[in-house]
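The structure appears right after this line, and notes come after that.
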Amino acid sequence: MKYIRSIISLVLLLSCKAVLAGTAQDFSILTPENRALLHQYELQLQRTGDSMVDGESPKVRAAAYRRFVPALHKALRVPGSFQYSFDSLKFMKQIIPEDKAFRLLNWLIKFEDGTYYYVGAVQMNTRDSLRLLPLADRSSKLDDSTLETAILDSKHWFGALYYSVAVEKIKNQKYYTLLGWNGDNMASDKKVIEVLSFDKSGAISLGAPIFSMEGKIKSRIVFTFAGSSTMLLNYIPEQHLITFDHLAPSDPKMEGKPWTYVPDGDYNYFIFKKGRWEFQEELFKNIKKLKEAGE
């Protein structure tokens, strides 16, 4: 399994490096000819992707991955590809923030032991060349005790499958707050609130000290809960809230053992105020006040 993980990391890194330079074409325009070309690439990617995700053995899935990633990058070289949605690739999440600065392409590969490897790449919305920034999943290597305060880079990503994004601007710097799922292990899952930003050189930074929770400042929020359960974590743009289930041990004797935690029927939330996501309890108690504030 370690060999397969190494192959996955290497293929993603080398393929992304190969397309960073691009060519002097207008990548913001999708012509009918290029749309037809991208459709052909999509059909190829769909066939290979099915084997990559549902192949009968690890070797089959790894071989399909080695074909899929270079083929995807070849498709993304086509001018106007940012506007092409690749709708048939159901396994691949595509997250585009409100300002359309980039598209995050994101999927996972499942291993026989029930763990996952997460694949992510950020395609910038540029006019004159393809700029693709890979994310290298290091979930299994990161220290849980410092995860919520660490500032990470694209080579040390806490891998997740993202499904929502919000854009915040703090002192002329944009921060993209991502909500995602991480299948931790056979016993537990995680939900994560991650922050993606770009430094002056255009490199990716992951995490930012913009979460205020129970007297502490955190760079990301990670929830751990029983894998047999489901935790809700959602962004509500109308009220500018991130809402989530309150977790508690299924048995009081299991306090402090997060793999036993399940939603207990209460809901808490973060609200964005003065450059920070501020933690608040009892969503339903405050819902009327929040609705009035959003009107």
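Only this structure's heavy atoms are used, side chains among them; waters, hydrogens and symmetry mates stay out. In what follows, residues are counted from 1 in the order of the sequence shown.
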Test of ring centre spacing under 6.0 Å for Phe272 and Phe211 = no
Please find out if less than 6.0 Å separates the ring center of Trp181 from that of Phe223.
-> no
[X] side chain near [Y] side chain, heavy-atom distance below 4.5 Å:
| X | Y | answer |
| --- | --- | --- |
| Leu152 | Arg220 | yes |
| Val167 | Thr177 | no |
| Asp189 | Met231 | no |
| Ile96 | Phe102 | no |
| Val78 | Leu76 | no |
| Ile221 | Phe270 | yes |

Single-linkage hydrophobic cluster [X]~[Y], side-chain heavy atoms < 4.5 angstrom:
| X | Y | result |
| --- | --- | --- |
| Leu196 | Trp277 | no |
| Met213 | Phe225 | yes |
| Leu241 | Leu247 | no |

For the backbone of [Y] and the side chain of [X], can you confirm whether one donor and one acceptor N or O come within less than 3.5 Å of each other?
| X | Y | result |
| --- | --- | --- |
| Asn268 | Phe244 | no |
| Asp137 | Tyr118 | yes |
| Lys100 | Pro97 | no |
| Asp245 | Leu232 | yes |
| Asp199 | Ser205 | no |

Do [X] and [Y] get their side chains close enough for a donor-acceptor pair, meaning under 3.5 Å?
| X | Y | answer |
| --- | --- | --- |
| Gln123 | Ser81 | yes |
| Tyr162 | Gln94 | no |
| Ser28 | Arg127 | yes |
| His246 | Glu282 | no |

What's the spacing between Phe158 CZ and Leu206 CG if we round to 0.5 Å?
-> 11.5 Å
Partner residues of Lys191 under the side-chain hydrogen bond (donor to acceptor under 3.5 Å, both in side chains) criterion, sequence neighbours left out = none
Tyr84 and Phe86: ring pair (Phe, Tyr, Trp, His ring centres under 6.0 Å), yes or no, with the steps?
-> CA-CA 6 Å; Tyr84 192 82; Phe86 297 98; 4.9 Å; yes
Are Glu42 and Arg35 within salt-bridge range, i.e. N to O under 4.0 Å?
-> no
Co-members of the apolar cluster containing Leu43 [side chain, <4.5 Å] = none
